[in-house]
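Okay, so here's the structure we're looking at.
Quick caveat, the model's predicted, so the values are computed rather than measured.
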Amino acid sequence: MRITGGTLKGRIVECPAGVIRPAMDRMRESLFAILGDLTGKSFLDMFSGSGVCALEAASRGADPVYLVEKDPLKVETIFKNVSIAPNRIECKFQSVELFLKRTKAEFDIIYLDPPFPYKFHVSLVEMTGTLPVLKSGGLCIIHRPKEREMPEEIGVLKRVDERVYGRSIVDFYKKA
């Protein structure tokens, strides 16, 4: 996998052991083109896998950047990958649900990329809007399989965009 833009553009990122479905380069490039310059924005990458989306955000100026991954098989690769970041990436190795409940940090952008068999997409997005983790006016972005439907509104979050990439869909929810 390679970083598609920003100060780290073209750098190669390792893929960790274990089950992983890395976000396609084309989809990541499109996602971050939509987001634009992230200077001064905080970014949270959940179900991080390799850490590539956290690196994409940091490469485009986001700071602080956090990533959350619970699979212990990915820890070593994540630390190696994030070592190239222009600023420190805060790595949390725990379940995303536990992180959301315990963190005191607030984010401008939360990117959720759960495994496709994951069944709690709606409740996870709802948590980001209900708990004080997403700033007012912030974006919660979720990558999901085409077969898993998502409503237009989830609690205080309203879908403002939807992009289709093959059998994947990326939904953008904005907090009122």
Is there a donor-acceptor pair under 3.5 Å between the side chain of R159 and the backbone N or O of M150?
-> yes
Evaluate the side-chain proximity of V13 to I3: yes if any heavy-atom separation is below 4.5 Å, no if none is.
-> yes
Kindly indicate whether the side chain of I141, heavy atoms from C-beta on, has any atom under 4.5 Å from the side chain of D171.
-> no
Less than 4.5 Å apart, any side-chain heavy atom of M27 and any of H143?
-> yes
Would you check if the side chain of Q94 reaches a backbone N or O of E69 as a donor-acceptor pair within less than 3.5 Å?
-> no
Neighbour count above 12 (heavy atom, 6.0 Å) for K175 NZ | yes
Please report the closest heavy-atom contact between S48 and L67, naming both atoms and the distance.
-> OG-CB, 3.5 Å
R28 side chain to R2 backbone, donor-acceptor under 3.5 Å | yes
Could you pull out all residues at least two apart from R11 that satisfy side-chain hydrogen bond (donor to acceptor under 3.5 Å, both in side chains)?
-> none
For S42 and D108, test the side chains for any donor-to-acceptor distance below 3.5 angstrom and give the result as yes or no.
-> yes
What about F93 and F79, are their ring centers closer than 6.0 Å?
-> yes
Flag if over 12 foreign heavy atoms under 6.0 Å of CD, E76 | no
Can you give me every donor-acceptor pair (side chain of residues 125-134, partner residue at least two apart or in another chain, under 3.5 Å) with its distance?
{"from": "T128", "atom 1": "OG1", "to": "V125", "atom 2": "O", "distance (Å)": "2.6"}
{"from": "T130", "atom 1": "OG1", "to": "E126", "atom 2": "O", "distance (Å)": "2.9"}

If we ignore angles and hydrogens, is there a donor and acceptor under 3.5 Å between the side chains of E14 and S50?
-> no
Donor on one side chain, acceptor on other, R148 and H121, under 3.5 Å = yes
I'd like a table of donor-acceptor pairs (distance under 3.5 Å, sequence neighbours excluded) in which one partner is a side-chain atom from residues 33-40, with atom names and distances.
{"from": "D37", "atom 1": "OD1", "to": "T39", "atom 2": "N", "distance (Å)": "3.2"}
{"from": "D37", "atom 1": "OD1", "to": "T39", "atom 2": "OG1", "distance (Å)": "2.7"}
{"from": "D37", "atom 1": "OD2", "to": "T39", "atom 2": "OG1", "distance (Å)": "3.4"}

More than 12 heavy atoms from other groups under 6.0 Å of NZ on K135 | yes
Carefully, step by step, assess E162 and R144 under the rule salt bridge (charged side-chain N to carboxylate O under 4.0 Å, His left out).
-> CA-CA 11 Å; E162 177 183 86; R144 64 177 169 91; 3.1 Å; yes
Intermediate values then yes/no, side-chain contact (heavy atoms from CB on, under 4.5 Å), F43 and F107 | CA-CA 6 Å; F43 189 92; F107 299 92; 5.8 Å; no
